[in-house]
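Every chain is numbered from 1, with letters handed out A, B, ... down the list of sequences.
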Protein chains: 2
Amino acid sequence: MTDTPSDTDNAVPDVSVMLCFSLYSAAHAFTQLYRPLLDKLGLTYPQYLVMVTLWKRDGQNVKELGRTLFLDSSTLTPLLKRLDAGGLITRTRNPKDEREVIIRLTEKGHALKTHAADVMRCIEEAVGMDAEAIQAIKASVDTIRDKIK
Amino acid sequence: MTDTPSDTDNAVPDVSVMLCFSLYSAAHAFTQLYRPLLDKLGLTYPQYLVMVTLWKRDGQNVKELGRTLFLDSSTLTPLLKRLDAGGLITRTRNPKDEREVIIRLTEKGHALKTHAADVMRCIEEAVGMDAEAIQAIKASVDTIRDKIK
DNA sequence: CTCAATTAAATCGCACACAATCCATTTGCA
DNA sequence: TGCAAATGGATTGTGTGCGATTTAATTGAG
């Protein structure tokens, strides 16, 4: 029996060497970074992602939003209800196909886009890397995500 | 008014160009990849991270686990209670400092380590990249996480 | 034309995350 | 020594995520 300090087992990988943990903890760190900024807009981070998606293209249904964000209706429906309750969006059935629910920005929801520009600037500043370096990392991460999806 | 297809606003960034979204979606993709493998062990992904940490070094308190995993007691306490209920760990106050709760693997918790090796092999195979490429990406992601922490 | 298969949302149950707060123990300084 | 500050966990409340199931609308094969 070798007596190592604090019972360390060197045959077992630490979480710190696992790529999945890097992504897990980095994603959480970003959520934390966004939180104080988004608090001012009354949004959570996933709600912000939905708003960004709608600012880009208004009038999408739940399925389309889900394809973009990799989320399904069991996550989106309650989230969208909260945005609705906050007066940022409306949810109406598509008359052409009553199965679909079309999400549309309200005036208030549209107006919030102005403040979002500040948020993005703050994030860029916090990351503090040039656009090329960021895009290179992003491309690598996307490659892995698409491989395991 | 330019009439673009589907009301697309090109002045707004899509989530697909945001690094934070890449990390967010890649982290979720990993959780999905792990799920069927961990289901066989009766673990969730965060529970697995705790077990990996304990397999590496047994007998840590909640604070230490939290520092490693970037989680606090409000997340860890309920999670550890579930591992306790599942017979994988024990939770006992430190007699030297009654504020601390020491987490120790049970026989059953220790035994699970054997199966974990299979899990890791499956994950590596699914990612399908050489160790060097993975470590390069991991290093970049860690750099960003540490910058924004 | 009809009814079974498919599709889109919603619902339910469980397990994270995390801010805010509370409680018990320990520490440290006046 | 005594007591306020600090520390480690636990608790509460809100908001995701997601598997499994349900409901309603549409589609398509016979």
Side-chain angles (χ1 to χ4, degrees), chain A residues 21 24-36 38-39 41-51 60-67 69-86 88-103 149, chain B residues 21 24-39 41-51 60-86 89 91-103 149:
Chain A
F21 178 72
Y24 167 88
S25 55
H28 286 161
F30 259 110
T31 303
Q32 294 300 93
L33 180 61
Y34 270 101
R35 191 182 303 278
L38 294 180
D39 274 351
L41 311 193
L43 293 174
T44 64
Y45 178 68
Q47 288 169 6
Y48 175 71
L49 293 178
V50 168
M51 294 301 287
Q60 298 186 61
N61 66 34
V62 177
K63 200 76 178 183
E64 290 171 316
L65 287 174
R67 259 196 298 274
L69 300 173
F70 304 106
L71 294 173
D72 70 3
S73 70
S74 59
T75 299
L76 285 173
T77 296
L79 186 155
L80 292 168
K81 280 185 179 176
R82 283 179 206 108
L83 291 178
D84 192 349
L88 299 177
I89 63 163
T90 61
R91 301 156 61 237
T92 49
R93 292 277 167 186
N94 181 355
K96 300 282 178 56
D97 186 340
E98 290 278 350
R99 288 173 303 182
E100 299 178 10
V101 168
I102 309 274
I103 309 300
K149 259 283 177 202
Chain B
F21 178 72
Y24 167 87
S25 55
H28 287 163
F30 260 109
T31 303
Q32 294 301 93
L33 179 61
Y34 270 101
R35 190 181 306 277
L37 303 171
L38 294 181
D39 274 352
L41 310 194
L43 293 175
T44 64
Y45 178 68
Q47 287 168 7
Y48 175 71
L49 292 179
V50 168
M51 293 302 287
Q60 298 187 59
N61 66 33
V62 177
K63 201 76 178 183
E64 289 171 316
L65 288 173
R67 258 196 300 274
T68 302
L69 299 174
F70 303 106
L71 295 172
D72 70 4
S73 71
S74 59
T75 299
L76 285 173
T77 298
L79 187 156
L80 292 168
K81 281 184 180 176
R82 284 186 276 273
L83 291 179
D84 192 350
I89 62 163
R91 302 154 62 236
T92 48
R93 292 278 167 183
N94 182 354
K96 300 283 179 58
D97 185 340
E98 290 279 348
R99 289 173 304 182
E100 298 178 11
V101 168
I102 308 273
I103 309 300
K149 259 285 177 201

Can you tell me how far the [atom1] atom of [X] sits from the [atom2] atom of [Y], to the nearest 0.5 Å?
X: Glu100(B); Y: Glu64(B); atom1: CD; atom2: CD; result: 7.0 Å
X: Tyr24(B); Y: Leu49(A); atom1: OH; atom2: CG; result: 5.5 Å
X: Leu76(A); Y: Leu83(A); atom1: CG; atom2: CG; result: 10.0 Å
X: Leu71(A); Y: Thr77(A); atom1: CG; atom2: OG1; result: 11.0 Å
X: Leu79(A); Y: Thr44(A); atom1: CG; atom2: OG1; result: 5.5 Å

| message | Counting distance alone, no hydrogens or angles: does the base of dA19(C) have a donor or acceptor under 3.5 Å from a partner atom on the side chain of Ser74(B)? | response | yes
| message | Could you check whether any side-chain heavy atom of Asn94(B) comes within less than 4.5 Å of a side-chain heavy atom of Asn61(B), counting everything from C-beta outward? | response | no
| field | Close side-chain approach of Gln47(A) and Ile89(A), heavy atoms under 4.5 Å | value | no
Would you mind reading off the distance between [X] atom [atom1] and [N] atom [atom2], rounded to a whole angstrom?
X: Phe70(A); N: dG19(D); atom1: CZ; atom2: P; result: 15 Å
X: Arg35(B); N: dA20(D); atom1: CZ; atom2: C1'; result: 12 Å
X: Tyr34(B); N: dC18(D); atom1: OH; atom2: P; result: 16 Å
X: Tyr24(A); N: dT16(D); atom1: OH; atom2: P; result: 17 Å
X: Leu71(A); N: dC16(C); atom1: CG; atom2: P; result: 19 Å
X: Tyr45(A); N: dC18(C); atom1: OH; atom2: C1'; result: 16 Å
X: Asn94(B); N: dA10(D); atom1: CG; atom2: P; result: 13 Å
X: Leu65(B); N: dC16(C); atom1: CG; atom2: P; result: 14 Å

| message | I'd like to know whether Lys96(B) forms a side chain to side chain contact (heavy atoms under 4.5 Å, CB included) with Ile102(B), so could you lay out the CA-CA distance, the side-chain angles of the two residues, the decisive distance to 0.1 Å, and finally the verdict. | response | CA-CA 11 Å; Lys96(B) 300 283 179 58; Ile102(B) 308 273; over 6 Å; no
| query | Thr44(A) near the nucleic acid: base, sugar-phosphate alone, or nothing, with a heavy-atom cut-off under 4.0 Å? | reply | sugar-phosphate
| said: Considering every strand and a 4.0 Å limit on heavy-atom distances, what is the contact class for Thr75(B): base, sugar-phosphate, or nothing? | reply: base
| said: Using heavy-atom distances to pick each residue's nearest nucleotide on DNA chain D, tell me which of Pro46(A) and Lys96(A) is more 5'. | reply: Pro46(A)
Determine all donor-acceptor pairs shorter than 3.5 Å in which one atom belongs to a side chain in residues 25-34 of chain B; sequence neighbours excluded.
unit_1	atom_1	unit_2	atom_2	d
Ser25(B)	OG	Arg145(A)	NH1	2.7
Ser25(B)	OG	Phe21(B)	O	2.8
Ser25(B)	OG	Ser22(B)	O	3.3
Thr31(B)	OG1	Ala27(B)	O	3.1
Gln32(B)	OE1	Arg35(B)	NE	3.4
Gln32(B)	OE1	Arg35(B)	NH2	2.9

| query | Choosing from dC18(D), dA17(C), dA19(C), which nucleotide comes nearest the side chain of Asp72(A)? | reply | dC18(D)
| Nucleic acid contacts - residues 79-86 of chain B versus DNA chain C, non-hydrogen atoms under 4.0 Å | Leu79(B), Arg82(B)
| When you match Glu98(B) and Gln47(B) each to their closest nucleotide on DNA chain C, which lands nearer the 5' end? | Gln47(B)
| field | Short side-chain N/O contact from Gln32(B) to OP1 or OP2 of dG19(D), under 4.0 Å | value | yes
| field | From CA spacing to verdict: side chain to side chain contact (heavy atoms under 4.5 Å, CB included), Val101(A), Leu80(A) | value | CA-CA 11 Å; Val101(A) 168; Leu80(A) 292 168; over 6 Å; no
What pairs of nitrogen or oxygen atoms, one from the protein and one from nucleotides 7-9 of chain D, lie under 3.5 Å apart?
unit_1	atom_1	unit_2	atom_2	d
dT7(D)	O2	Arg99(B)	NH1	3.2
dG8(D)	O3'	Arg99(B)	O	3.4
dG9(D)	OP1	Val62(B)	N	3.2
dG9(D)	OP1	Val101(B)	N	3.1
dG9(D)	OP2	Lys63(B)	N	2.7

